[in-house]
Amino acid sequence: MADPLAVAIIPCFNEEDSIAVLVRRIRRFAPEVLVVDDGSSDSTSARARAAGAEVLRRPSNLGKGSALRHGWEWAFQRGFQWALCLDGDGQHAPEDIPAFFECRNRTGAALVVGNRTGNPDAMPRLRRMINSWMSRRISALAGQPLPDSQCGFRLIELPRWAEAMVAANHFEVESDLIWRFARAKLRIEFVPIRVIYAAERSKIRPVRDSARWFRWYFRARREQYREQANRRLGGSNSGLPRGSTARDALHDGYATR
């Protein structure tokens, strides 16, 4: 049974070939669907709307993280408690959605993440190696095992997101979100999902997005070290000014460029 307080959010850029079918499949499990069209030059918005989705049309391409934050803010302001995030290129199977809600109900997790490591051979070898390397780095930073830190198929408790400082604008958003939830001692669970890689073209730009991820990673380490030092000195253990929230941080210069 669908959760009336949950909305599926799909950030996408030029996905006219897949978006309508994807929206219709998702609506079998999560009737409320929001598509954040991040500056597409094709008919992504029109096809998503015709398939039954609410659409936020952005005039230019600002990045996956920015699109997700736009969607989370929209959902939170409208009273949704949960956001179910899927990519717009068809890599995530909507038929796996019930497992996310079952896991949340059973464990009380604030964040449920898809785990592709149960069938690693189905992933392209280079992507599998990079995902494994990044997951090990973020697991060490978070102090807990995070087997698939880069999967974008996620169920997120929105009030918890609003208390965090998720500010990434691009593909490093997956790392930023999971690390900040772990840092806040919120429960994170993983559910097995199927691995789908077909003829879609990745939107990742290897050099530029790798540089962004490393900037994020070293910034996160510095932030964590400062927090640990403050704790040892008996000061605040928060990386934000007192009373600040994730949305305040976006206006105070925390956003990743």
Side-chain angles (χ1 to χ4, degrees), residues 1-11 18 22-23 25-34 64-65 68 71-72 75 80-124 127-128 130-161 164 166 171-198 200:
M1 185 174 180
D3 185 339
L5 296 179
V7 57
I9 299 178
I10 311 170
S18 59
L22 181 61
V23 167
R25 289 171 63 195
I26 291 172
R27 293 186 68 210
R28 293 169 50 203
F29 307 100
E32 298 288 342
V33 180
L34 171 68
K64 181 182 181 181
L68 278 170
W72 294 333
F80 288 102
Q81 298 295 298
W82 294 89
L84 179 74
C85 303
L86 303 89
D87 290 346
D89 58 7
Q91 283 192 26
H92 300 146
E95 291 73 22
D96 287 331
I97 288 174
F100 286 78
F101 289 109
E102 187 280 329
C103 180
R104 178 204 62 180
N105 295 340
R106 174 170 47 83
T107 66
L111 174 63
V112 183
V113 183
N115 184 0
R116 300 162 292 180
T117 62
N119 185 19
D121 291 341
M123 295 177 66
R127 187 172 298 191
R128 182 171 73 245
I130 293 172
N131 180 59
S132 177
W133 185 88
M134 294 172 78
S135 293
R136 289 196 301 271
R137 299 285 80 71
I138 298 171
S139 294
L141 193 64
Q144 67 183 79
L146 302 169
D148 193 352
S149 67
Q150 302 308 299
C151 182
F153 199 172
R154 302 178 172 200
L155 180 63
I156 303 163
E157 188 174 1
L158 286 171
R160 297 299 191 180
W161 159 77
V166 180
F171 287 97
E172 71 276 9
V173 70
E174 321 290 11
S175 301
D176 197 28
L177 178 75
I178 200 169
W179 172 66
R180 293 194 182 279
F181 270 55
R183 182 181 174 216
K185 309 300 183 186
L186 298 172
R187 183 159 185 167
I188 301 170
E189 294 287 341
F190 290 80
V191 295
I193 61 170
R194 66 202 74 187
V195 181
I196 304 171
Y197 288 99
E200 74 279 348

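Among residues two or more places apart in sequence or in another chain, the ring-ring contact (aromatic ring centres under 6.0 Å, His included) test is passed with Phe181 by none.
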Under the criterion side-chain contact (heavy atoms from CB on, under 4.5 Å), I'd like the reasoning laid out for Arg187 against Thr107: C-alpha separation, chi angles, the key distance, then a yes or no.
CA-CA 8 Å; Arg187 183 159 185 167; Thr107 66; 4.0 Å; yes

Could you walk me through whether His92 and Asp96 satisfy the side-chain contact (heavy atoms from CB on, under 4.5 Å) test, starting with their C-alpha distance in whole Å, then the side-chain angles of each, then the deciding distance to 0.1 Å, before giving a yes or no?
CA-CA 8 Å; His92 300 146; Asp96 287 331; over 6 Å; no

Might you work through the side-chain contact (heavy atoms from CB on, under 4.5 Å) test for Ile97 and Ile26, ending with a clear yes or no?
CA-CA 8 Å; Ile97 288 174; Ile26 291 172; 4.2 Å; yes

Would Ile188 and Gln144 satisfy side-chain contact (heavy atoms from CB on, under 4.5 Å), going step by step from the backbone distance to the final call?
CA-CA 10 Å; Ile188 301 170; Gln144 67 183 79; 4.2 Å; yes

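Here the side chains of Arg28 and Pro94 are not in contact, with every heavy-atom distance at 4.5 Å or above. For the pair Val7/Val33, no side-chain contact is recorded, criterion being any heavy-atom separation below 4.5 Å from C-beta on. Taking 4.5 Å as the limit, some side-chain heavy atom of Leu141 sits within range of a side-chain heavy atom of Trp179. No side-chain heavy atom of Gln81 sits under 4.5 Å from any side-chain heavy atom of Leu158. In this structure the side chain of Leu111 never reaches within 4.5 angstrom of the side chain of Leu155, judged on heavy atoms.
With salt bridges taken as basic N to acidic carboxylate O contacts below 4.0 Å, none links Glu32 and Arg27.
For residues 103-113, the salt bridge (Lys or Arg N to Asp or Glu O under 4.0 Å) pairs, not counting sequence neighbours, are Asp3-Arg104, Glu102-Arg106. Under the salt bridge (Lys or Arg N to Asp or Glu O under 4.0 Å) criterion, the residue pairs touching residues 130-149 are Arg116-Asp148, with sequence neighbours excluded.
For the atom pair CZ (Phe29) and CZ (Phe100), the distance works out to 12.5 Å, reported to the nearest 0.5 Å. In this structure, the separation between CD1 on Ile138 and CD on Glu172 is 10.5 Å, given to the nearest 0.5 Å. With rounding to the nearest 0.5 Å, the separation of CZ in Phe101 from CG in Leu84 is 5.0 Å. To the nearest 0.5 Å, the span separating CG on Leu34 from SG on Cys85 amounts to 10.0 Å. One finds the CG atom of Leu68 at 6.5 Å from the CD atom of Glu174 (value rounded to the nearest 0.5 Å). To the nearest 0.5 Å, the span separating CD1 on Ile178 from CG on Leu146 amounts to 4.5 Å.
Annotation for Ala93 and Arg25: closest pair CA-NH2, 4.1 Å, computed over non-hydrogen atoms. Looking at every heavy atom in both residues, Val113 comes nearest to Cys151 through CG1-O, 4.0 Å. Pairing each heavy atom of Glu189 with each of Cys103, the nearest pair is CB-SG, 3.5 Å. The nearest pair of heavy atoms linking Ala83 to Trp72 is CB-CD1, 3.9 Å. Closest approach of Val173 and Gly65 over heavy atoms only: CB-CA, 3.7 Å.
Checked by atom type and distance alone, the side chain of Ser18 pairs as donor or acceptor with a backbone atom of Gly88 at under 3.5 Å. Side-chain atoms of Asp89 come within 3.5 Å of backbone atoms of Gln91 as a donor-acceptor pair (strictly under, hydrogens ignored). Looking only at distances, a side-chain donor or acceptor of Ser135 sits under 3.5 Å from a matching main-chain atom of Ser149.
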